[in-house]
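Read the structure below first, then the notes.
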Amino acid sequence: MAKIAVDDVLDLIAAEAPVARADLKPEATLDELGVASLDVISVLFALEDRFGVIVEQGDIEHAKTVGDFTTAVLAKAQAIA
């Protein structure tokens with residue numbers, strides 16, 4: 001499994017969701033950025049494909065902000081490393 005960093009997660013969000021990479025600030029909410037649940041699922045699949053990190057929807061269900069989301073993803077990656 002490849003090592004994953006915050007920038008990797010942000011790059012995947014920008015690639016899979018209709019949002020500019022520069023707008024992905026930790027305090028920005030996914031809702032205000034227009035990141036829909038299908039976009040989140042696409043990001044989760046991309047994480048698995050690119051890094052071998054399997055993040056279930058339940059792992060990120062309480063993530064409201066970009067920071068929450070990246071923290072949850074990195075915690076999951078750390079747990080399985």
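The pair Arg21-Asp7 counts as a salt bridge, with a side-chain nitrogen and a carboxylate oxygen less than 4.0 angstrom apart.
Residues forming a side-chain hydrogen bond (donor to acceptor under 3.5 Å, both in side chains) with Asp23 (at least two apart in sequence, or on another chain): none. In terms of the side-chain contact (heavy atoms from CB on, under 4.5 Å) criterion, Thr71 has no residue partners (sequence neighbours excluded). Listed by chain and residue number, Asp8 satisfy the side-chain contact (heavy atoms from CB on, under 4.5 Å) test with Ala5 (two or more places apart in sequence, or in another chain).
Evaluation of the salt bridge (Lys or Arg N to Asp or Glu O under 4.0 Å) test over residues 52-68, restricted to residues two or more places apart or in two chains, returns Asp59-Lys76. Listed by first then second residue, pairs satisfying salt bridge (Lys or Arg N to Asp or Glu O under 4.0 Å) with a partner in residues 27-37 number zero, not counting sequence neighbours.
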For residues 36-44, tabulate all N or O donor-acceptor pairs below 3.5 Å that involve a side-chain atom, not counting sequence neighbours.
| from | atom 1 | to | atom 2 | distance (Å) |
| --- | --- | --- | --- | --- |
| Asp39 | OD2 | Ala36 | N | 2.9 |
| Ser42 | OG | Leu38 | O | 3.1 |

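Proximity of Glu48 to Val53: side-chain heavy atoms (C-beta onward) are nowhere separated by under 4.5 Å. You'll find the side chain of Leu30 stays beyond 4.5 Å of the side chain of Thr65, heavy atoms only.
Of all heavy-atom pairs spanning Pro18 and Gly34, the tightest one is CG-O, 4.1 Å.
Here the straight-line distance linking atom CZ of Phe45 with atom CG of Leu12 works out to 13.5 Å at 0.5 Å rounding. One finds the CD1 atom of Ile4 at 5.0 Å from the CZ atom of Phe51 (value rounded to the nearest 0.5 Å).
Tested against Val19 for a side chain to side chain contact (heavy atoms under 4.5 Å, CB included), the candidates Leu24, Val66, Leu10 yield a single pass: Leu24.
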